[in-house]
Amino acid sequence: MADWDLRFMDLAGFIGSWSKDRSRQVGCVVVAPDNSIRSIGFNGFPRGLNDDHDARHERPSKYLWTEHAERNAIYTAARNGIPLDGCRLYLPWFPCVDCARAIVQVGLSELVCQEPDISDAQWGEGFKVSIELLKEAGVRVRFMEPRGG
């Protein structure tokens, strides 16, 4: 495992700590082939929304209000005119199907992430689809446990 992998996965974990999500904090780093950082993201409410409403943090409502770290990094890059084609994404989790589609659509070539628990009652079936989708689209997936994970 390359030192860069450790650095970027650690950074994704740190960025996740910025999330105000009360049950799961996830961060993401998108990196160019030359190891320059192209974008970052963490899970949370869209820009300008009040994230102090307790009801918005309760399941299942939180799923309607919260954007995932991967898509936040992708949206931030788009907002700033930064191309992500051929880049890799670091994530101390595994992408849901919506995020997997976004990863494919923006041309990310590699995903470095935590191995999914396909037996997870909530996310497992979706992880199976994400795995198939990423593989079919030719996105290289490497599994890496976050430090302390």
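What you are looking at is a predicted structure, and each value in this text was computed from that prediction instead of being measured.
- Atom CZ in R88 sits 7.0 Å away from atom CZ in R142 (nearest 0.5 Å).
- Nearest heavy-atom pair, V139 versus L111, reported as atom, atom and distance to 0.1 Å: CG1-N, 4.1 Å.
- Put simply, the side chain of Q114 reaches to within 4.5 Å of the side chain of E145, judged on heavy atoms.
- In plain terms, the two heavy atoms of A73 and V30 that are nearest each other are CB-CG2, 4.0 Å.
- The two residues R24 and D21 come nearest to each other via the heavy atoms N-OD1, 2.9 Å.
- Side-chain contact between L89 and P95 is absent, with no heavy atoms from C-beta onward closer than 4.5 Å.
- Checked against side-chain contact (heavy atoms from CB on, under 4.5 Å), D98 has the following partners two or more places apart in sequence or in another chain: R71, C96, R101.
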Give the table of side-chain donor-acceptor pairs shorter than 3.5 Å for residues 44-53, with sequence neighbours excluded, one pair per line with atom names and distance.
from	atom 1	to	atom 2	distance (Å)
N50	OD1	D52	N	2.8
D51	OD1	K20	NZ	3.4

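- In terms of the ring-ring contact (aromatic ring centres under 6.0 Å, His included) criterion, residue partners of F94 (sequence neighbours excluded) are, by chain and number, F127.
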| query | Stepwise, does the side-chain contact (heavy atoms from CB on, under 4.5 Å) test hold for V141 with C113? | reply | CA-CA 8 Å; V141 177; C113 61; 4.0 Å; yes
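- Classification of the W123-W93 ring pair by plane angle, with boundaries at 30° and 60°, yields perpendicular.
- A donor-acceptor contact shorter than 3.5 Å links the side chain of S19 to the backbone of N43.
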| field | side-chain contact (heavy atoms from CB on, under 4.5 Å) assessment of C28 paired with F42 | value | CA-CA 6 Å; C28 171; F42 55 90; over 6 Å; no
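- For the pair R7 and N35, the minimum side-chain heavy-atom distance is 4.5 Å or more.
- Under the side-chain contact (heavy atoms from CB on, under 4.5 Å) criterion, N80 pairs with T76, I82, not counting sequence neighbours.
- You'll find the side chain of V104 stays beyond 4.5 Å of the side chain of E136, heavy atoms only.
- Atoms CH2 and CD1, on W18 and I15 in that order, are 5.0 Å from each other to the nearest 0.5 Å.
- Checked against side-chain contact (heavy atoms from CB on, under 4.5 Å), S17 has the following partners two or more places apart in sequence or in another chain: F14.
- Look at E132 and K135 and you find no salt bridge, because none of the NZ, NE, NH1 or NH2 atoms lies under 4.0 Å from a carboxylate O.
- S119 meets the side-chain contact (heavy atoms from CB on, under 4.5 Å) test with D117; sequence neighbours excluded.
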| request: Run the numbers on Y90 and V31 for side-chain contact (heavy atoms from CB on, under 4.5 Å), then give the verdict. | output: CA-CA 8 Å; Y90 288 84; V31 180; 3.9 Å; yes
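- Counting heavy atoms from C-beta outward, M144 and L6 have side chains that approach closer than 4.5 Å.
- R38 CZ to C87 SG: the interatomic distance, rounded to the nearest 0.5 Å, is 4.0 Å.
- Side-chain contact of R59 with Y63: a donor-acceptor pair under 3.5 Å is present, judged by distance alone.
- With rounding to the nearest 0.5 angstrom, the NE2 atom of H57 is 7.0 Å from the OG1 atom of T66.
- Contact of the F143 side chain with the P116 side chain is registered, since non-hydrogen atoms from C-beta on lie closer than 4.5 Å.
- Nearest heavy-atom pair, S130 versus V97, reported as atom, atom and distance to 0.1 Å: OG-N, 3.2 Å.
- Atom CG of D120 and atom CD of E125 lie 10.5 Å apart (nearest 0.5 Å).
- Annotation: side chain of H68 is not in contact with side chain of V26 (no heavy-atom distance under 4.5 Å).
- To the nearest 0.5 Å, the span separating CD1 on I103 from CG on L91 amounts to 7.0 Å.
- With contacts defined as side-chain heavy-atom distances shorter than 4.5 Å, the pair I40/I37 qualifies.
- Between P92 and G27, the shortest heavy-atom contact is CD-O, 3.1 Å.
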